[in-house]
Colleague: 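Below you will find the structure I want to go over with you.
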Amino acid sequence: MSFPLLTATAVVPAVGAVATAALPAAKRTAAKWVALSFSLVTFVLALVIAFRFTPGAKGPFQLTESHAWIADFGVRYELGVDGIAVALIALTALLIPFVILAGWHDADPLEETRPNRRWRPTQGFFALILAVEAMVVISFEATDVFLFYLFFEAMLIPMYFLIGGFGDGAGEHGEEQAATQRSYAAVKFLLYNLAGGLIMLAAVIGLYAATADQIGAGTFSLPQIVEARAAGKLDFGAGTERLLFLGFFFAFAVKAPLWPLHTWLPNAMGESTSPVAVLITAVVDKVGTFAMLRFCIQLFPEASKWATPVILVLALISVLYGALLAVGQRDIKRLIAYASISHFGFIILGIFAMTSQGQGGATLYMVNHGISTAALMLVAGFLISRRGSRLIADYGGVQKVAPVLAGTFLIGGLATLSLPGLAPFVSEFLVLVGTFSRYPVIGIIATAGIVLAALYVLVLYQRTMTGPVRTEVRKMPDLRVRELVVVAPLIALLLFLGVYPKPLTDLVNPAVDHTLSVVDKQDPKPDVHVDATTGGSRSGHATHGDDAEAAK
């Protein structure tokens, strides 16, 4: 029996969470190092997965594991990865050590001179981070729908405590009101995601019933369902398939988050510590967009095509709405949260454009957005911890007293606005090209999000880093060694993937091609018009919909 590499990659952080939580209260430093060590082992395992994975190999999933679990209900412990899952597992395993290092002192006991600030257990903070990592990793690996659903919902529990119990309290509120705001943000996060999960649970049950009715035995296995559909043995029927699709999509749209189901994100990110905010938007939220590709489109291809026009409109609204609200924010962390809503709009736009460029760009966007947002948010967290305020108006002239901090903040911001030469540019360009080739009007309007991104990023930098040095920031220290260790690799990755994205594109493109083949979509082909005066031909605009073949 081969080594269960996928299981090990999820089990290691889970064991680390237990080991960290079990340490005595006085062993705070030991808890940090234990958590960091387990996260690094997980990263090594993720690299092993990436090296053992063969892009373009036969079959959609590799490194598969399959064991009977709840046989009476067709539930199996079934894991497998495609190129998209490998990329997102690597992203998750890469970011968690940086999250731990960035939050090294976020849960330390506070000084006796500040008695109104409650003590926050260090062991619990880092154990919860590792628990989230374990659940996210197995969500990317699961090919059994029930197994995926179990961990899709379970990750809400540690996230609830991270948001509600470990906020930094910086901003315009006092500590007592900040605690209230944290509780509100945590409850809102939980209620929104639980509502989506309960609707998805009904769809999961419906999926089992539909498969039991048509193929004789109910199953939750994604490969088995896709294979049965391809062989003509399984047909949900238009009405049933659309209802099941909506149940799954609603849960994923909440997690993503997609307008108008997004309102929990600014509260959750704003009231969390910066490392936890990175965990939310760069790691946990990616499960939603990933699941749209893996489950919504592959389980319900006809319903996905049916819902595409509405989803594209919602994604376009997310792009513009998130960017516009980011422009008007006074709070640094809420600005980054609204920018993330805009970016997730681009990701969903690329997924449902149903083109290889769009879906390939959306997958790259998931990875690159995770890196760029982590870089920007973590540097913003270092800035906020020095000044004790999240308000943009409380800063000014920081680049004169902390030039390295300001420089890394600028690079993170430029990556967020997708500057050419930095990794997110490639992703955003592919998404827009893929969208324009099938839906040119939506593609054109979506480009306004690029302009607005430049506006909110450059205005943020101008107001915080340039101008006269405010009295409160005159003695602000520059980045320390630990903080540089956190930020420098992320900046290096943004530069590397900005000029050489081939390793990622080679990894994800075969998986994108498989997804498009399941949904029976091909890239639009250009019209060829005959020039009456010369008898020659010239290319026109791209054809749209499913009529590409007719344009030949």
Colleague: Side chains of residues 126-135: which donor-acceptor pairs under 3.5 Å do they make with residues two or more places apart or in other chains?
Modeller:
none

Colleague: Would you call the rings of Phe346 and Tyr365 parallel, tilted or perpendicular, taking 30° and 60° as the class edges?
Modeller: parallel

Colleague: Do Met292 and Ile297 touch side chain to side chain, with heavy atoms closer than 4.5 Å?
Modeller: no

Colleague: Which residues satisfy the side-chain hydrogen bond (donor to acceptor under 3.5 Å, both in side chains) test with Thr289, sequence neighbours excluded?
Modeller: none

Colleague: Got a sec, which residues hit ring pair (Phe, Tyr, Trp, His ring centres under 6.0 Å) with Phe38, two or more places apart in sequence or on another chain?
Modeller: none

Colleague: Can we call the ring centroids of Phe344 and His369 under 6.0 Å apart?
Modeller: yes

Colleague: Do Tyr77 and Trp69 have ring centres separated by under 6.0 Å?
Modeller: no

Colleague: Do we see a donor-acceptor contact under 3.5 Å between the side chains of Ser427 and Asn368?
Modeller: yes

Colleague: Using only heavy-atom distances, determine whether the side chains of Thr281 and Ser340 contain a donor-acceptor pair under 3.5 Å.
Modeller: yes

Colleague: Checking Ile392 against Asp331 for the side-chain contact (heavy atoms from CB on, under 4.5 Å) test, could you report, in this order, the C-alpha distance in whole Å, the side-chain angles of both residues, the deciding distance, and whether it holds?
Modeller: CA-CA 6 Å; Ile392 297 172; Asp331 183 309; over 6 Å; no

Colleague: Counting only pairs under 3.5 Å, give me each side-chain donor-acceptor contact of residues 320-327, with atom names and distances, residues two or more places apart or in other chains.
Modeller:
none

Colleague: Going through the checks in order, is the side-chain contact (heavy atoms from CB on, under 4.5 Å) test met by Val136 and Phe151?
Modeller: CA-CA 7 Å; Val136 169; Phe151 288 97; over 6 Å; no

Colleague: Which heavy atom of Val367 sits nearest to which heavy atom of Leu504, and what is that distance?
Modeller: CG1-CD1, 3.9 Å

Colleague: Checking the side chain of Arg482 only, and the main-chain atoms of Leu101 only, is there a donor and an acceptor separated by less than 3.5 Å?
Modeller: yes

Colleague: Is it true that Thr20 and Gln123 share a donor-acceptor pair across their side chains at a distance under 3.5 Å?
Modeller: no

Colleague: Mind listing the side-chain donor-acceptor pairs of residues 246-260 below 3.5 Å, one per line with the distance, residues two or more places apart or on another chain?
Modeller:
| from | atom 1 | to | atom 2 | distance (Å) |
| --- | --- | --- | --- | --- |
| Lys255 | NZ | Phe152 | O | 3.4 |

Colleague: Closest approach of Ala277 and Ser272, non-hydrogen atoms and distance?
Modeller: N-CB, 4.0 Å

Colleague: Ignoring hydrogens and angles, tell me if any N or O in the side chain of Thr435 forms a donor-acceptor pair with the backbone of Leu432 under 3.5 Å.
Modeller: no

Colleague: Can you check whether Phe140's main-chain N or O pairs, donor with acceptor, with Arg294's side chain at less than 3.5 Å?
Modeller: yes

Colleague: A quick test of your reading: do over 12 heavy atoms of other residues, nucleotides or ligands sit less than 6.0 Å from OH of Tyr461?
Modeller: yes

Colleague: Can you sort out the partners of Thr263 under side-chain hydrogen bond (donor to acceptor under 3.5 Å, both in side chains), two or more places apart, ordered by chain and number?
Modeller: Tyr192

